[in-house]
There are 2 protein chains.
Amino acid sequence: MSRAQRAMSEKTAPASIEEFDARLREISGTLPKRLQQCAEFVSANTDRIAVSTVAELAAAADVQPSALMRFCKMLGFKGYSGLQRLFRDAYSQQWPDYSTRLATLRAQSDSAPSALLAEFVETGRLALEDLVGNVDPAVLDQAVAVLAKARLVHVAGYRRAFPVASYLSYAFEKMECPSMLHDGTGQLNQRHSISPDDAVIAVSFAPYTAQTVSLVDHANDLGCPVVVLTDTAMSPFDGDNVSVITVKDADVAGFRSLTSTMSLAMTIAVSVGRMRGV
Amino acid sequence: MSRAQRAMSEKTAPASIEEFDARLREISGTLPKRLQQCAEFVSANTDRIAVSTVAELAAAADVQPSALMRFCKMLGFKGYSGLQRLFRDAYSQQWPDYSTRLATLRAQSDSAPSALLAEFVETGRLALEDLVGNVDPAVLDQAVAVLAKARLVHVAGYRRAFPVASYLSYAFEKMECPSMLHDGTGQLNQRHSISPDDAVIAVSFAPYTAQTVSLVDHANDLGCPVVVLTDTAMSPFDGDNVSVITVKDADVAGFRSLTSTMSLAMTIAVSVGRMRGV
DNA sequence: CGCACAATGGAATATTAATTCCATTTTCGA
DNA sequence: TCGAAAATGGAATTAATATTCCATTGTGCG
């Protein structure tokens with residue numbers, strides 16, 4: 001066993017990305033050539049660790065798998081799997097398993113409201129961070145353009161999507177964009193007010209309210225462009241004139257936090273307002 | 001081999017996330033129970049696919065690994081590895097950390113909407129962080145206790161506070177708590193339905209809608225306890241039976257992001273529901 | 001009601017990937 | 001320049017993981 005290896009074996013494995021970075025900086029420079037090569041490649045490609053095998057990473061770094069193994073041990077890990085676990089967890093711990101976490105929450109039946117608040121806040125924060133990485137600017141631009149061109153914007157969203165719809169409607173009103181909220185009051189069917197010159201923005205989450213689905217289909221059949229904000233790719237919204245934007249908004253205690261959807265909705269509304277204002 | 005499985009085997013595997021989504025939508029609904037369960041879980045947790053083993057994903061979706069394998073084949077993949085490869089390849093694009101992605105989004109000078117989205121997200125995130133530190137658990141507990149004791153909860157909030165009020169109303173309905181949304185439809189004045197056995201939760205931001213202020217005063221005069229969610233300590237809500245919770249929700253482009261208020265409102269609603277459920 | 005076929009769970013097997021081992025090469029001090 | 005220790009590459013071994021298979025359960029139809 002080499003001097004360097006002996007030196008590391010006393011150390012314990014990094015427990016976070018920060019510790020990993022620190023350790024890397026600490027040993028960098030004291031390493032033999034091939035291991036230095038590993039260090040450089042790894043620190044420049046941390047994103048690949050979670051999704052690559054040793055063989056792949058070794059090939060990409062132009063070293064032998066065994067060199068990478070030695071490098072991992074140098075950092076204090078038991079092997080490559082240890083290093084990989086760190087990066088996989090860092091990525092997916094962002095979206096913890098809510099079924100299990102909910103169980104824990106329910107278990108502490110005396111759970112104070114403030115614990116629940118923390119849960120909502122944390123979920124909302126992660127949802128927002130996720131939103132930034134998952135929205136395609138091109139799709140967003142296109143949605144805004146479509147809505148800005150419309151003579152009248154129809155806003156639809158029922159049940160838990162209704163708060164978003166109503167805020168959209170408020171924003172459009174404030175910016176003096178002609179819009180109409182399909183609120184379902186009195187079970188009146190307002191869809192006959194939709195014309196091909198208009199546009200529709202619909203918000204809907206699983207289980208997709210039948211009324212929303214049929215409204216979207218109706219508009220699509222008329223040749224009226226539709227923008228849908230929804231939760232998963234499994235949504236039943238489809239058609240030549242329909243563009244779908246998916247937002248992941250995790251549930252807490254059975255209720256969607258709506259933070260991401262709200263932020264996205266406001267972005268669209270304000271952008272439309274600005275574009276029309278010009 | 002089942003009919004469904006035969007049908008898929010002719011198809012070729014999705015080559016992109018978009019194709020994957022399309023295929024998922026296509027077969028969804030025609031699937032047997034367990035495979036539908038896979039479809040739902042997978043489409044709601046696409047981010048986990050790249051970093052999980054079949055066993056892990058199956059456990060999280062609460063199905064057998066073999067069910068997940070059948071599901072993969074249904075989509076046209078040769079096995080789980082095929083599906084995983086698709087997501088691993090797409091993984092690195094969304095890896096740069098939050099602040100990097102945010103900066104990228106902001107910098108898209110050709111696209112005003114994405115810069116605005118970055119703004120909304122960042123503001124919302126800060127507001128959420130602020131919220132946890134600034135809400136007094138004791139006040140929160142007291143508010144929950146008051147609402148949980150009520151025979152009927154009146155929910156009020158107009159204009160930009162209305163989305164919050166309507167979501168509160170939705171949550172109460174779902175949890176089977178008797179509640180009434182004062183929505184102002186037809187300018188009808190619903191305040192005479194308030195009795196001293198009830199409680200009111202009102203949401204209002206500057207400039208405080210007169211209707212909300214007078215409703216709160218009315219309830220207070222009746223001896224009916226009131227919880228107000230508002231923005232500053234300067235709000236005109238006051239009275240022996242009134243407890244005020246302030247939430248700081250920053251503006252972007254003239255519009256409140258509502259993320260904090262929504263999170264707080266949901267916390268209260270769920271806590272009330274739980275307390276009543278006992 | 002019972003038959004046939006589809007769906008499912010779980011264990012057995014095959015495949016792939018991680019890890020170790022050792023022979024060979026390189027480095028460095030005497 | 002030689003020898004010893006360190007470093008390295010690549011194959012062999014071991015562990016983990018994906019995949020298949022089959023017995024059992026559920027379901028719809030005659």
Side-chain angles (χ1 to χ4, degrees), chain A residues 1-10 13 27-42 48-89 92, chain B residues 1-10 13 27-42 48-89 91:
Chain A
M1 186 183 261
S2 75
R3 187 162 43 240
Q5 277 174 301
R6 230 186 339 273
M8 76 67 200
S9 63
E10 291 147 25
I27 63 168
S28 178
T30 73
L31 294 171
K33 200 171 91 182
R34 228 14 54 107
L35 296 193
Q36 185 65 33
Q37 197 175 331
C38 289
E40 276 160 23
F41 184 85
V42 162
R48 291 205 197 174
I49 298 169
V51 295
S52 302
T53 64
V54 240
E56 287 166 355
L57 209 67
D62 196 28
V63 298
Q64 288 292 320
S66 50
L68 250 174
M69 289 303 295
R70 280 191 288 271
F71 172 71
C72 293
K73 296 193 170 178
M74 219 65 140
L75 287 165
F77 294 103
K78 213 186 138 210
Y80 179 72
S81 302
L83 171 68
Q84 192 172 53
R85 182 153 44 251
L86 178 67
F87 280 85
R88 286 190 171 173
D89 288 350
S92 59
Chain B
M1 186 185 261
S2 77
R3 189 163 38 241
Q5 277 174 300
R6 232 190 334 274
M8 75 65 201
S9 62
E10 293 147 25
I27 63 167
S28 175
T30 72
L31 295 171
K33 199 171 91 185
R34 227 14 57 102
L35 296 192
Q36 184 68 28
Q37 196 176 329
C38 291
E40 275 159 23
F41 184 85
V42 162
R48 288 203 201 175
I49 299 170
V51 296
S52 303
T53 64
V54 241
E56 287 166 356
L57 209 66
D62 197 26
V63 298
Q64 288 293 319
S66 50
L68 212 64
M69 289 302 296
R70 281 191 288 271
F71 172 71
C72 293
K73 298 196 168 178
M74 218 64 139
L75 288 166
F77 295 103
K78 213 185 138 209
Y80 179 73
S81 303
L83 170 70
Q84 192 173 52
R85 184 151 43 250
L86 180 67
F87 280 87
R88 286 192 169 172
D89 290 345
Y91 171 89

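Lettering of chains follows the sequences in order, A, B, ..., and the numbering in each one begins at 1. Heavy atoms only: backbone and side chains are in, while hydrogens, waters and symmetry mates are out.
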Heavy-atom contacts, protein to nucleotides 18-24 of chain C, under 4.0 Å, summarised as B (base), S (sugar-phosphate only) or - (none) per nt, yield SSB----
Whole-Å gap separating [atom2] ([N]) and [atom1] ([X]):
X	N	atom1	atom2	answer
A:Lys33	C:dT26	NZ	P	9 Å
B:Arg88	C:dT16	CZ	P	14 Å
A:Arg34	D:dG10	CZ	C1'	13 Å
B:Met74	C:dT8	CE	C1'	13 Å
A:Gln36	D:dA7	CD	P	13 Å
A:Leu57	C:dT16	CG	C1'	17 Å
B:Leu68	C:dG9	CG	P	12 Å
B:Phe71	C:dA6	CZ	C1'	19 Å

How far apart are the closest heavy atoms of B:Ala61 and B:Gln37, and which atoms are they? O-NE2, 3.1 Å
Tightest non-hydrogen contact, residues A:Gly82 and A:Phe77, listed as C-CD2, 3.5 Å
Compare all side-chain heavy atoms of [X] with those of [Y] and state whether any distance is below 4.5 angstrom.
X	Y	result
B:Arg70	B:Ser66	yes
B:Leu57	B:Tyr80	yes
B:Tyr91	B:Val51	yes

Output for pair (B:Ser81 OG, B:Arg88 CZ), nearest 0.5 Å, gives 8.5 Å
Short side-chain N/O contact to C:dG10 OP1/OP2 from B:Gln64, under 4.0 Å: yes
